[in-house]
Amino acid sequence: MTPAGTVMMPPCAPHLMFCRGRGRGRAHAAAAPHTVMSPPPCSSDGRLKLSDFEWVADLGEGASGVVTKVRLRGTTTTLFALKVAHYPAPDAGKDHDEVLRRATGSPHLVRCHAILRGDANQPACLLELMDAGSLARVRGALPEPALAEVATRCVAGLAHLHARGVAHLDIKPDNILATSQGDAKIGDLSVSRILPPPAACTNRSRSRVSIAVGTTAYMSPERFAPNAQAGPRGACAADIWSLGVTVLELFLGHRPILPAEERPSWKMLRDAICEGEPPSVPENAAAASEELRRFVEACLHKDPRRRATAAQLLDHPFVASRDLQASRQALREIIRDTMQA
Ligand SMILES: Nc1ncnc2c1ncn2[C@@H]1O[C@H](COP(=O)(O)OP(=O)(O)OP(=O)(O)O)[C@@H](O)[C@H]1O
């Protein structure tokens, strides 16, 4: 923690050039546009504050905060996304900082460079700018090679989080963010939970976390139980269901749970998810490979104990046997087309 209360995240990308100086604008004279530094450049007094950044554009607003594109004052190329929470989170605040700390080090998770504090002491995360927005913007179905690439990155991002005792709990297309360079990463750790270590799970009450958070359409059946809680394995399995729904949605080009044209209520979703068959790739989807069908099936077991883990999915043929070059190229093209649309 710096004297100003700024939490700085450790670097995860040593190939990026870091700011070592204290002066504004000394960060990265040769940086390309949208280059993100890690850790962020220092302000004039060596303590990073919200007032060191100037507004460039609005990026969006969600339930937990407002996100803007910002620039470090005095620079032209140092752009970030700044997510300022709507409210201070006195209890969850420490946990949230710890979630972000544990998330560093994976190229498949949107990087948080620092946590600043807003006027009302609400957390403000200085994030890597994902300049192509979220995959929810993609119109229509994703071609399978691009989907395999997205799935791979999400599985790798989740494997990183789960191995470090964090459940994301809000995996959905809106929270997979892309860059114009053709990258896609998991973002939005605002409802993520720190999990107790499996070895400490002898005392039931202390070994469970609430999983009744997140976005209803992507929630697994067990999350609809009153005060739904899970141990570390169950909380990670909840993420895997959400991943399966996300992959299926990106494949179909619409939400898979209820007819696309409906705007379902919470109860309709609960009934469909808890009482219906798990969603799957339709039999008549001729374009779907066997690998994709099996991947979705491995994620979407109603019994969380039967779902694959993120570590197992890393070896799944849909991920491990994809054509690397073709899938990366396909993802780049989809992102480019979406940005131009
Ligand atoms: N790092 C980023 N770079 C670019 N855009 C971003 C970034 N992070 C978030 N956004 C955009 O800002 C908007 C709101 O972000 P986000 O979904 O994280 O907020 P939220 O309050 O957590 O939303 P939700 O209600 O879904 O939980 C979204 O449109 C998202 O795509």
Side-chain angles (χ1 to χ4, degrees), residues 9 12-13 16 33-40 53 55-72 77-89 92-93 95-96 99-100 103-104 106-116 118 122-139 150 153-154 157 161 166-193 210-219 223 238-239 242 245-246 249-250 255 266 269 335 338-339 341:
M9 297 296 156
C12 75
L16 294 177
H34 297 187
T35 296
V36 174
M37 313 245 195
S38 170
F53 297 90
W55 177 92
V56 175
D58 291 331
L59 291 173
E61 179 167 0
S64 61
V66 178
V67 185
T68 48
K69 186 198 278 194
V70 296
R71 170 171 46 218
L72 185 73
T77 56
T78 316
L79 293 169
F80 300 94
L82 183 69
K83 180 170 179 174
V84 182
H86 289 307
Y87 308 106
D95 252 17
H96 186 54
V99 162
L100 293 172
T104 56
S106 169
H108 308 295
L109 300 167
V110 174
R111 178 150 170 71
C112 174
H113 296 280
I115 306 166
L116 317 177
Q122 73 275 41
C125 299
L126 190 65
L127 299 165
E128 170 181 11
L129 178 67
M130 304 301 285
D131 61 340
S134 89
L135 290 192
R137 289 179 60 197
V138 175
R139 293 271 163 266
V150 171
R153 292 166 194 223
C154 291
L161 285 178
V166 176
H168 185 285
L169 299 178
D170 203 13
I171 295 291
K172 55 180 178 177
D174 301 79
N175 287 338
I176 304 172
L177 301 174
T179 67
S180 51
Q181 307 302 306
D183 214 348
K185 307 184 179 197
I186 296 175
D188 193 2
L189 295 151
S190 48
V191 300
S192 302
R193 294 276 189 276
S210 168
I211 52 169
V213 291
T215 307
T216 315
Y218 303 89
M219 279 168 45
R223 291 169 81 180
D239 278 342
S242 308
V245 177
T246 298
E249 174 170 331
L250 293 171
R255 286 194 177 174
W266 183 86
L269 282 166
I335 292 172
T338 305
M339 286 183 85

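Start at 1 and go down the list; that is how both ligands and their atoms are numbered.
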Is there side-chain contact between [X] and [Y], with heavy atoms separated by less than 4.5 Å?
{"X": "V67", "Y": "K83", "result": "yes"}
{"X": "L189", "Y": "L161", "result": "yes"}
{"X": "H96", "Y": "S64", "result": "no"}
{"X": "L135", "Y": "L250", "result": "yes"}
{"X": "R153", "Y": "K185", "result": "no"}
{"X": "F80", "Y": "L129", "result": "no"}
{"X": "D170", "Y": "Y218", "result": "no"}

With no hydrogens and no angle check, just 3.5 Å: does a side-chain donor-acceptor pair link [X] and [Y]?
{"X": "K172", "Y": "T215", "answer": "yes"}
{"X": "S180", "Y": "D131", "answer": "yes"}
{"X": "D174", "Y": "S134", "answer": "no"}

Report, in ascending order of atom number, the atoms of ligand 1 lying under 4.0 Å from any heavy atom of [X].
{"X": "A81", "value": "1 (N), 2 (C), 3 (N)"}
{"X": "S64", "value": "20 (P), 21 (O), 22 (O)"}
{"X": "S190", "value": "22 (O)"}

Could you identify the single nearest non-hydrogen protein atom to [atom] and state the distance to 0.1 Å?
{"atom": "atom 6 (C) of ligand 1", "value": "V67 CG1, 3.9 Å"}
{"atom": "atom 30 (C) of ligand 1", "value": "L177 CD2, 4.3 Å"}
{"atom": "atom 3 (N) of ligand 1", "value": "M130 N, 3.0 Å"}
{"atom": "atom 5 (N) of ligand 1", "value": "L59 CD1, 3.7 Å"}
{"atom": "atom 24 (P) of ligand 1", "value": "A63 N, 3.8 Å"}
{"atom": "atom 23 (O) of ligand 1", "value": "G62 CA, 3.3 Å"}
{"atom": "atom 17 (O) of ligand 1", "value": "D188 OD2, 3.7 Å"}
{"atom": "atom 19 (O) of ligand 1", "value": "K83 NZ, 3.4 Å"}

Between V191 and ligand 1, which residue portion shows a heavy-atom distance shorter than 4.0 Å: side chain, backbone, both, or neither?
->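 Neither; nothing of V191 gets under 4.0 Å from ligand 1.
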Distance flag for atom 28 (C) of ligand 1, protein heavy atom under 4.0 Å |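 No, there is no protein heavy atom closer to it than 4.0 Å.
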Could you tell me whether some N/O pair between V110 and ligand 1 is separated by less than 3.5 angstrom?
->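 No; every N/O pair is 3.5 Å or more apart.
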When only distance counts, is D131 in polar contact with ligand 1, meaning an N/O pair under 3.5 Å?
->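 N/O-N/O distance below 3.5 Å does not exist for this pair.
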Answer yes or no for [X]: is there a heavy-atom contact with ligand 1 below 4.0 Å?
{"X": "G133", "answer": "no"}
{"X": "G65", "answer": "yes"}
{"X": "K172", "answer": "yes"}

If every non-hydrogen atom of T179 is compared with every non-hydrogen atom of M130, which pair is closest and at what distance?
->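 Taking every non-hydrogen atom into account, CG2-CE, 3.6 Å.
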